[in-house]
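One structure below.
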Amino acid sequence: MKLKLHTLNTETLKTTLSLISPIRKFVILRFSPSQLQIISVNGQSISSEPQVWCKLQIGNLFDQIEVQSLRDNTISLEINVELLLQTLRNFDKANSDSGLNIILQKKESTGQQGITQGNSRTASLALYYSDTNINTNTVNHTFRIPVKILKNTHEAILLREPELENVDLMMKLPNEFVNTYKRLDKFKKSESSSNNNSNDLMTIRSSRRNGGYLAFVLQEEGIYKVTISWNKELVIQKPVNSNFNSDSMQNVLEEYTLQNEGHTNAEETEVENEITVRLKDWRMASKIVATCHTVIFLISHGDSCVLHCYLDETNEVEIIYYVSGVRSYD
Amino acid sequence: MLDILQPSVGFLLSQCRSGAMFTFTASTTQISHLADIFSAISSINNQALMIISPRGITLYAESNHIANASSTIDPALFSTYNFYSEDTSNNTQYEPNVKEELTLGVDIKLISDSFGNVPSQSSSNVQREGSISSAKSNSVTNMSNTNSGSHTNSGMVCYMTYNGEGFPLIIEFEDSMISEKIEFLTFYTDLQYPYAEDEDSETPENSLTINHSEIQFELILKCDVLSTLLRDLQRINTTELYLYVSNQIKTLGRKTQFGGGPQIVDNQVNFISKGPIGLSKLIFPNEKTILEKIEIFGRSSSSSSGGTNTMTPINSSIISVYNFNHFNKIFRSVKLSTKCKISKDLGGTLSVQLLSKNLRLPNYSGTLITFNMLALTSTDEGEHMSVNLNNVFDKDSYEYIRDFGKTDLSNAPDRVDSSANKRQRLNLDEYERIDLQIDRTRDEDEGRESEPESGPRGLIEIPLFL
């Protein structure tokens, strides 16, 4: 197993990490020769929401890439995202010409690179760079962040990217859509009086009516009911395939501007899809929605919803935010 | 088909007539002004009575029968204001016996929160229609939201809808991007609005309103100074607030047996705080622009008015005591307001009326918020003490001791009773000193120089050192 990377610019990586760092303390980095996936799931119970999958072209992030492993040349590490982010920020502040090196090290190794015993599950990710200070002295910085190497067998069970069985509706959310999160925040505050506000539920309703309808319904029994709905037009996209996975997303995007869903029959227009999620699960996406260039909302009635985002125009960084609906038992 | 429907329609109409079914819709862009009023009322109680009528929306909240707040929002604040009933749709004439109002209980705190957190709307001038179309069925709420101003950022509009008993109060905030519709559940409340005009007889005996025939004093103050003062009182953790109001006539210069100098009306409004750090006196500036009016009334003893006890303006001083926690509930409203009228009646009810201006709507006269609260009942002893409280920090009190003996005590003006006691005690003290003359320093001796027997002073002192 060997992981060795070098880069001069960490901007993209940093932005992506900062978007998902508030969600959980640990993320999984999955390196392969072509792709870096940053996955935020709960290690203990995989079903806890939300799940975020970020996919980055590793070739665009690093200029030297060596990823070797016995398992399809894929290395998966669990790492404290805040520590990693802080190190990247330190590198940014430093005046470094030589760039940032990242290698996977066996723990307590004294500079021996990239050698990790097969059965060892604790290792560290070493990030090192040199900094030229004002007196043209060179200072070498090395940060070692402890990581846990995930075996493929382990991750094969737990780490599977969720798929939507049936996409009922797909719509592109405009950039100003982030305002709805501010409105939702207001009700988080006033609801803090109730005991278990972390379990406050919210219903998302959407339909094709009037050029796209998307609303959030919050209710406190016997006190009030809030409906926050989007007034501007939402561009509705007819799902290409009935089931969703991120590969098909790329095609959708390419056709996006061309294939504006034409005239649909009235019956289809009136169909309202809804899903009930925990308010906090939805709210955590606010930073992602605020930052990403393209945000597409997908809903599978009663099952789950997805925010499929692209960080910038290049569509090279893909962030997929999954929230499964709360099953009601009544 | 029609025959079958007919009876049910008739039944419905009769239902309406007895139940007086009204529907109310309104819209406005003056969201921050409404937010201010709602938050002012909610400082008294989370739950409030809301009365919607063609004359406006009245809010009333009460706290433990010792304080209440009310405010009526004028329909002019709204772009559209529709109040119509189903049963008067046919005959447009006004029926005086039909009480045209909707009464509902609301959680004013929640409503206030929802208003307060709305992003600041544009300051664009919205053409007001000010149309009050009562008794008109099926009127369409047509908005004339003309954003003609330079600020063209999405103007937020607030819609209010209430369909009568059992329905939620619907408040909707809408701009070009988002609409936020909040359905507040309403409830029956047994709060009674004390200013109800229609039922002249039904005003409850114990209602907390000021008795206009027994006004003791009336002040008009400027609110920015008052709010600073209240904040200071709050910072020193005031528990009890003594409000001293005086317009006594003061004689300038030293009083002689031929009378004093020119006489002036000495207007004073002092806020005396009692709290953990003791007493502090905050003097409200006596400036015509800040303290606009001060009037004190007393029962006229003259028989000219036919023996009835009418209140006539007098020159006097009055001190009253309030629980500061209750008093300070006006703070939020004072901050919003420009002018404040404080009046108190003989029964111990203090009324604070605050006029909050709405700068965004220049033609709007402003909204009046009225607070009423009970003064703390003070025993005779308490009253005695409180009168002196105002003089605690007076220079007179100190000067008196320093200047002791210089002036004729019996002529001293404005001396208060307790200082009279003190004076007597000091006099005794003085006699003892004269008798003993033991540990008097020279400085203190000088303080007694006015003693006519100052001559033999040295003679008495000598034996002490012998």
Side-chain angles (χ1 to χ4, degrees), chain A residues 171-194 197 200-207 209-235 272 274 279 282-283 286 289-290 295 297, chain B residues 27 31-32 35 38-39 42 45-48 50 104-122 143 145 147 152-163 166-189:
Chain A
M171 48 176 83
K172 185 175 188 280
L173 304 181
N175 289 336
E176 311 94 70
F177 193 80
V178 72
N179 288 310
T180 60
Y181 284 91
K182 289 173 192 156
R183 299 293 187 91
L184 288 169
D185 283 352
K186 151 178 155 183
F187 291 96
K188 181 205 91 193
K189 190 186 135 211
S190 55
E191 273 174 334
S192 60
S193 51
S194 65
N197 79 80
D200 283 335
L201 298 181
M202 177 183 80
T203 302
I204 303 172
R205 289 202 176 121
S206 72
S207 76
R209 153 160 61 91
N210 297 336
Y213 169 76
L214 185 58
F216 305 98
V217 183
L218 283 150
Q219 195 163 6
E220 194 155 342
E221 205 56 58
I223 301 172
Y224 64 77
K225 181 184 169 190
V226 186
T227 310
I228 295 170
S229 54
W230 186 251
N231 285 339
K232 280 192 174 167
E233 197 173 326
L234 294 159
V235 187
E272 196 164 87
E274 68 169 58
L279 176 60
W282 179 260
R283 282 182 52 245
S286 75
V289 173
V295 181
F297 170 78
Chain B
S27 65
I31 293 165
S32 63
F38 290 154
S39 110
S42 71
N45 199 325
N46 283 358
Q47 295 190 347
M50 189 183 253
L104 55 148
V106 290
D107 189 326
I108 196 74
K109 181 76 171 59
L110 273 180
I111 295 176
S112 160
D113 283 352
S114 73
F115 268 81
N117 289 312
V118 166
S120 59
Q121 74 275 32
S122 70
M143 272 303 302
N145 190 359
N147 281 329
T152 46
N153 55 328
S154 55
M156 179 89 65
V157 185
C158 169
Y159 299 96
M160 294 173 85
T161 311
Y162 183 62
N163 290 321
F167 289 94
L169 174 73
I170 301 168
I171 294 178
E172 203 169 343
F173 300 103
E174 192 179 279
D175 61 14
S176 59
M177 274 197 289
I178 300 171
S179 62
E180 178 182 327
K181 179 176 158 191
I182 314 168
E183 293 164 47
F184 292 101
L185 269 82
T186 56
F187 44 85
Y188 171 77
T189 176

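The figures that follow rest on heavy atoms only: side chains count, while hydrogens, waters and symmetry mates do not. Given the structure is predicted, the values throughout are model-derived calculations rather than measurements.
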Original post:
Under the salt bridge (Lys or Arg N to Asp or Glu O under 4.0 Å) test, which residues partner Lys182(A), sequence neighbours left out?
Top reply: none
Subject >> Criterion side-chain contact (heavy atoms from CB on, under 4.5 Å) on Trp230(A) and Met177(B), from CA distance to verdict >> reply: CA-CA 6 Å; Trp230(A) 186 251; Met177(B) 274 197 289; 3.6 Å; yes
Subject >> Rounded distance (nearest 0.5 Å) linking atom OH of Tyr224(A) with atom CD1 of Ile111(B) >> reply: 12.5 Å
**OP:** Measure from the side-chain N and O atoms of Asn231(A) to the backbone N and O of Asp175(B), and report whether any donor-acceptor pair falls under 3.5 Å.
**Re:** yes
**OP:** Could you have a look at Val217(A), Thr180(A), Thr227(A) and say which one has the most heavy-atom pairs with chain B under 4.5 angstrom?
**Re:** Thr227(A)
Original post:
Can Asn179(A) and Ile178(B) be said to form a side-chain contact (heavy atoms from CB on, under 4.5 Å), step by step?
Top reply: CA-CA 8 Å; Asn179(A) 288 310; Ile178(B) 300 171; 3.5 Å; yes
Subject >> Between CD on residue Glu180(B) and CZ on residue Arg183(A), distance to nearest 0.5 Å >> reply: 4.5 Å
Subject >> Ile182(B) CD1 to Ile228(A) CD1 distance, which is reported to the nearest 0.5 Å >> reply: 7.5 Å
